[in-house]
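Following: one structure in structure tokens, then a few remarks.
Residue numbers start at 1 and run along the sequence shown.
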Amino acid sequence: MIYLKTAEEIEIMKGACDLVSRTLGEVARWVAPGVTTLKLDTIAREFILDNGGKPSCLGYQGFPGTLCVEVNETVVHGFPSAYVLQEGDIVGLDCVVELNGYHGDSCYTFAVGEISEATARLLKVTKESLYKGIEAAKAGKRIGDISNAVQTFCERQGYSVVREMCGHGIGKSMHEDPEVPNYGRCGIGPLLKPGMVIAIEPMINLGSKNIVIGGDGWQCRTKDRKPSAHYEHTIAIHENGPEILTTFRYVEEALGITEA
């Protein structure tokens with residue numbers, strides 16, 4: 001069932017979305033060669049708790065971290081660990097925060113030091129595809145219009161789209177209906193209506209679209225071990241267009257760059 005939010009509920013959700021955005025902005029200051037992913041996870045958890053929120057992922061069906069940590073070929077759901085970030089790595093940090101009974105969800109993929117030109121382009125295109133998907137998220141359209149916008153943009157530039165993982169509705173629960181795939185045909189899927197709040201999250205691979213899920217049932221990587229990028233915003237559907245509830249502004253202020 002798809003839960004439509006009232007204007008008042010969306011206003012409450014903005015608090016969780018701002019906190020998750022500020023959390024990623026705080027963590028962004030620490031992403032560098034020589035830092036462990038467990039250190040980044042600790043910074044995120046403490047920041048969320050210090051600001052009155054709850055780390056939604058921590059303990060969710062046994063998940064061990066506040067952040068889903070996606071280093072290089074890891075697509076989603078990577079565990080924080082003693083792994084030390086290396087020059088040339090990329091690391092996606094996916095975070096969900098609960099505040100005042102509602103959730104906010106966002107992900108940003110970071111370059112660790114200097115990265116290859118090919119990987120930098122993957123990050124750029126994946127981030128741009130997120131905004132292509134958001135542009136398609138208009139009342140009266142369908143989920144497939146979002147999916148198709150992401151897929152066609154990325155595939156035309158030579159990248160592949162992960163099939164098994166997708167975006168989702170969000171609200172009082174971290175994951176709600178509908179699912180929001182990153183591939184599909186225009187004009188199919190659930191109708192987009194005012195009051196829907198969804199997380200759009202392209203997961204795009206440099207090589208093949210095929211993935212492997214680890215024996216722990218969580219950690220997912222590309223089959224060919226080529227890099228994967230992941231960006232995510234939580235958005236609300238309104239009569240006059242989509243509203244982005246999360247922001248990359250805090251991250252990019254920390255990194256000294258301007259949001260595209």
Side-chain angles (χ1 to χ4, degrees), residues 1-18 20-21 56 76 94-108 125-157 159-204 209 229-249 259-260:
M1 179 180 291
I2 297 172
Y3 295 98
L4 300 181
K5 277 72 177 178
T6 65
E8 291 76 15
E9 286 179 302
I10 291 172
E11 284 301 312
I12 295 170
M13 288 193 72
K14 288 180 180 179
C17 289
D18 182 66
V20 76
S21 301
S56 303
V76 286
D94 189 354
C95 188
V96 190
V97 167
E98 181 183 355
L99 184 69
N100 298 321
Y102 290 85
H103 295 79
D105 194 352
S106 188
C107 181
Y108 196 94
V125 169
T126 304
K127 185 181 168 193
E128 288 174 352
S129 78
L130 169 60
Y131 292 99
K132 296 293 183 183
I134 292 169
E135 287 172 13
K138 297 176 180 176
K141 296 285 190 177
R142 292 187 178 272
I143 290 292
D145 294 288
I146 300 172
S147 307
N148 186 262
V150 172
Q151 180 183 13
T152 55
F153 181 76
C154 292
E155 289 185 347
R156 283 172 182 166
Q157 298 186 68
Y159 301 109
S160 62
V161 179
V162 173
R163 286 347 194 225
E164 294 84 352
M165 307 294 175
C166 61
H168 51 89
I170 186 169
K172 288 185 177 179
S173 296
M174 179 165 51
H175 296 117
E176 297 181 355
D177 290 334
E179 291 189 342
V180 186
N182 295 304
Y183 72 101
R185 290 187 289 114
C186 292
I188 66 169
L191 185 68
L192 296 171
K193 299 179 180 180
M196 288 176 66
V197 180
I198 57 176
I200 299 176
E201 50 180 322
M203 289 155 271
I204 308 300
K209 69 179 183 294
H230 181 193
Y231 292 85
E232 178 179 18
H233 274 316
T234 298
I235 73 164
I237 307 297
H238 298 297
E239 285 282 5
N240 60 350
E243 179 184 13
I244 305 175
L245 304 183
T246 47
T247 179
F248 293 150
R249 177 168 59 89
E259 182 173 343

Quick note, side-chain hydrogen bond (donor to acceptor under 3.5 Å, both in side chains) partners involving residues 235-246, not counting sequence neighbours, are Lys14-Glu243, His233-Thr246, His238-Glu243
What I'd like to find out is whether the side chain of [X] reaches to under 4.5 Å of the side chain of [Y], using heavy atoms alone.
| X | Y | answer |
| --- | --- | --- |
| His175 | Ile170 | no |
| Asn148 | Phe153 | no |
| Thr234 | Ile198 | no |
| Ile235 | Val197 | no |
| Tyr183 | Val150 | no |
| Pro202 | Val161 | no |

How close do [X] and [Y] get, counting heavy atoms only, and between which atoms?
| X | Y | answer |
| --- | --- | --- |
| His168 | Val180 | N-CG2, 3.7 Å |
| Ala199 | Asp105 | CB-OD2, 4.3 Å |
| Pro190 | Pro178 | CG-CB, 3.9 Å |

Listed by chain and number, what are the side chain to side chain donor-acceptor pair (under 3.5 Å) partners of [X], not counting sequence neighbours?
| X | value |
| --- | --- |
| Glu176 | Lys5 |
| Tyr231 | none |
| Tyr159 | Arg121 |
| Asp18 | Arg22, Tyr250 |

With sequence neighbours left out, what residues match Leu191 under side chain to side chain contact (heavy atoms under 4.5 Å, CB included)? Arg142, Lys193
Tell me, please, which residues at least two apart from Ser56 pass side chain to side chain contact (heavy atoms under 4.5 Å, CB included). Val96, Glu98, His103, Met174
Which value, rounded to the nearest 0.5 Å, describes the distance between [X] atom [atom1] and [Y] atom [atom2]?
| X | Y | atom1 | atom2 | result |
| --- | --- | --- | --- | --- |
| Leu4 | Glu9 | CG | CD | 9.5 Å |
| Tyr102 | Leu245 | OH | CG | 13.0 Å |
| Thr126 | Gln157 | OG1 | CD | 9.5 Å |

Should Met203 and Asn182 be marked as a side chain to side chain contact (heavy atoms under 4.5 Å, CB included) after you check the CA-CA gap, both sets of side-chain angles, and the distance that decides it? CA-CA 8 Å; Met203 289 155 271; Asn182 295 304; 3.8 Å; yes
If you look only at pairs with a residue in residues 163-172, which of them pass as a salt bridge (charged side-chain N to carboxylate O under 4.0 Å, His left out), with sequence neighbours excluded? Glu155-Arg163
Where do Asp145 and Leu192 land on the side chain to side chain contact (heavy atoms under 4.5 Å, CB included) test, with the steps shown first? CA-CA 10 Å; Asp145 294 288; Leu192 296 171; 5.8 Å; no
Just by distance, do the side chain of Ser160 and the backbone of Lys209 share a donor-acceptor pair under 3.5 Å?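 A pair under 3.5 Å: yes.
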Does any N or O in the side chain of Ser106 come within less than 3.5 Å of the main-chain N or O of Glu232, such that one atom is a donor and the other an acceptor?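 Looks like yes, one N/O pair under 3.5 Å.
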